[in-house]
There are 2 protein chains.
Amino acid sequence: MKNKIGIIADSFLFKGLPEAQLAEVARIAKEKKLGRGEAVFFEDDPASGFYMVAEGRVKIFKVSMGGKEQILHVFGPGEPFGEVAVFHGQPFPANAATLVRSTLLYFPRQEFVRLVTANPSLALNMIAMLSLRLRRFANQIENLSLKEVPGRLASYLRYLAEEQARDDRVVLDLPKGQLASLLGTSPETLSRIFARMSEEGLIRVQGKTIHLLDMERLRER
Amino acid sequence: MKNKIGIIADSFLFKGLPEAQLAEVARIAKEKKLGRGEAVFFEDDPASGFYMVAEGRVKIFKVSMGGKEQILHVFGPGEPFGEVAVFHGQPFPANAATLVRSTLLYFPRQEFVRLVTANPSLALNMIAMLSLRLRRFANQIENLSLKEVPGRLASYLRYLAEEQARDDRVVLDLPKGQLASLLGTSPETLSRIFARMSEEGLIRVQGKTIHLLDMERLRER
DNA sequence: AGTTGCCATTGACCTAGGTCAAAAATATTT
DNA sequence: AAATATTTTTGACCTAGGTCAATGGCAACT
C-alpha cells in the first residue's frame, strides 16, 4: 500500500508541484480510516476542509425526503472530493460515505486555500479538475432527463468498458443496488432491465461480470 | 447600454483585476450580435474560445436522439459560458443558443489561458465560478432524480423569488415551453401542473407573472 | 450442516407523466 | 383590423417504471 506522499504525488490534483510543496501538502494532510458504509460527511455540514481517497471508494449522494438515494459520483484512489465547498466557505452540498473500507486524506481548509493562492500550477490543476467534473455532471443530467433506464445502463457499461480497456466484458465496480442509485432508478427495475437486455442478446450477466455481446446495439440505446 | 469594458469590469469573473489587465481583456474580446433563437455553438464543436453574455440571455442545452431538449442552464448579462471546454482544449460538451436578441463577447482560447496562468486572482475567480456551477448542477441532478415535476417547479419558483427579491410574485424569465425544457418535462405536463397548483390555491398564473399564494406549502413540494 | 441476514429476482399492481391531436389563446406580420 | 404564425391549454390514451410483497441465492458466522 502506498503512503501519504505517494498518493499525493501521483494524484492529478497535485501533479507538477515541486518536491518541497509536496512534502508541505503531505504534512498538512491527516489520515483517516473508515469501515465500509461509514459516513464521511453530511449535506449541510460546515466544510472545514476536503478529502482525497487514498484507498477504497467513496460515494457522493443526495437523499430525497422519502429516503431515496441519488449517487452523484463515486470517487476512487487519488481523487479529491468536497473541494467545491472549501472555496466558498459554504456547507457541503451533498453527503459522502464509503462504499468499502477506505483510507482518506483530510486537508484543512485554511492551509489548502493558502497553497492554491500561492501556487498557480495547483490552481490550474484545480480548474481542470472542476471542469472535468462539470462535464460529467452535464452528462449525468443528459442521461437522467433524455434517456430511459436501459440507455443509462448502456451508457454506464460503455464507460466501464473504456475505463477497464476491454470491449468484451466489464466488471461492475459497485453492488447492483448502488448502481441503481447511480442510474437514478430502483434495484427492481435495474434487475428487470438486466434480464431484458440478456434476453435480447445484448449482454450476459454473471454476478458482477457483464459480458458485452453486442457493442453496436449497446451504443444505440 | 453598457460598453465592452463596463460589462467586463462588472463581471464576477474579472472582478478584482487591475485596470491595465481589464483593458487588456477588453482588447482581446470580440463583440458578436445575434438575433433571437440563433445558435452560438453546437455540441462537439471545437472550442476555440469562450463567451460572455453582454446583453440578452443564452441557453446551454443537450438534445436527445428524439429531438427533446434539456436545458442545463440559462446565462444572463455578465455570465461567462463555454469556459469549461477551453481549459481542456476539448470540444464543447453541449449546445448554446440565444433565447432573445443578444450581444456576446468572445474570448479566444490562447490569450485567455495566458491571462489566467499569469493572474492568480483570475484563476481563483474561475475556481469560484466553476464551484458555483457544480453546485447548481448537483442541485439539478437532485431535482431531476428525486423530485417530481411539481417539486421541480416549486423549486424553480422559489429560486426566482430569491433572485427577484420578492415573496408575493415572480415573473418568468423564460417562455413556458423553455421552462418545461429546463425542468425536464413537456410543455403539456407543465401546463397541467400550473393548472393543478392553481386549483390547489398554491399559485395564480397571469401570463408570465406567477403569484405565490402559499410559500409554506410551496416549500414542501 | 444449519442458521441468520443481506442482496437480487420475480410477480402484481398502480400512477406520473409522455405522446398525439385538436382547440384556444397570444403574438406577429401584412 | 385581418390574417397568419406561434404558444399554450385541454382531452384521451398509453407506457415506463415505481412500489409492495414474496421468493430465491449466497455469504458469513456459530
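By convention in this document, chain letters (A, B, ...) are assigned in the order of the sequence lines, proteins followed by strands, and residues within each chain are numbered from 1.
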Participant: Take the protein atom CG of B/N143 and the nucleotide atom C1' of C/dA16, then report the distance between them rounded to whole Å.
Facilitator: 17 Å
Participant: Is there a donor-acceptor pair closer than 3.5 Å between any side-chain N or O of B/D10 and the backbone N or O of B/I7?
Facilitator: no
Participant: Using atom CG of A/L183 as one end and atom P of C/dA8 as the other, report the distance to the nearest whole Å.
Facilitator: 13 Å
Participant: Could you list all N or O pairs between the protein and nucleotides 19-26 of chain C that sit under 3.5 Å apart?
Facilitator:
| from | atom 1 | to | atom 2 | distance (Å) |
| --- | --- | --- | --- | --- |
| C/dT19 | O4 | B/R192 | NH2 | 2.9 |
| C/dC20 | N4 | B/E188 | OE2 | 3.3 |

Participant: In whole Å, I'd like the distance from the CZ atom of B/F194 to the P atom of D/dT8.
Facilitator: 10 Å
Participant: For this output row, return yes or no: ring centroids of A/F41 and A/F50 closer than 6.0 angstrom.
Facilitator: no
Participant: Using whole Å, what does the distance between atom P of nucleotide D/dG17 and atom NZ of A/K147 come to?
Facilitator: 13 Å
Participant: Within the distance-only criterion (no hydrogens, no angle test), does the side chain of A/N95 pair as donor or acceptor with the backbone N or O of A/E43 below 3.5 angstrom?
Facilitator: yes
Participant: So, A/R101 and A/E55, do they make that salt bridge, N to O below 4.0 Å?
Facilitator: no
Participant: Of the candidate nucleotides C/dG18, D/dG17, C/dT9, which contains the atom at the shortest distance from the side chain of B/T185?
Facilitator: C/dG18
Participant: Without decimals, in angstroms, what is the distance between B/L153 CG and C/dG17 C1'?
Facilitator: 15 Å
Participant: Pick the closest DNA chain C nucleotide for B/R36 and for B/P150 by heavy atoms, then say which residue is nearer the 5' end.
Facilitator: B/P150
Participant: Of all the nucleotides listed (C/dT9, D/dG17, D/dT10), which has the minimum atom distance to the side chain of B/A195?
Facilitator: D/dT10
Participant: Quick check against the 3.5 Å criterion: does A/R152 have a side-chain atom that pairs as donor or acceptor with the backbone of A/K147?
Facilitator: yes
Participant: Rounded to whole Å, how long is the line connecting atom CD of B/Q206 with atom P of D/dT9?
Facilitator: 13 Å
Participant: Regarding A/E200 and A/R217, does a basic nitrogen lie under 4.0 Å from an acidic carboxylate oxygen?
Facilitator: no
Participant: Given atom CG of A/L174 and atom P of C/dC7, what is their separation to the nearest angstrom?
Facilitator: 13 Å
Participant: Once you round it to whole Å, what is the distance between C1' of C/dC7 and NZ of A/K208?
Facilitator: 10 Å
Participant: Less than 4.0 angstrom from a charged side-chain N to a carboxylate O is my criterion; do A/R133 and A/E83 meet it?
Facilitator: yes
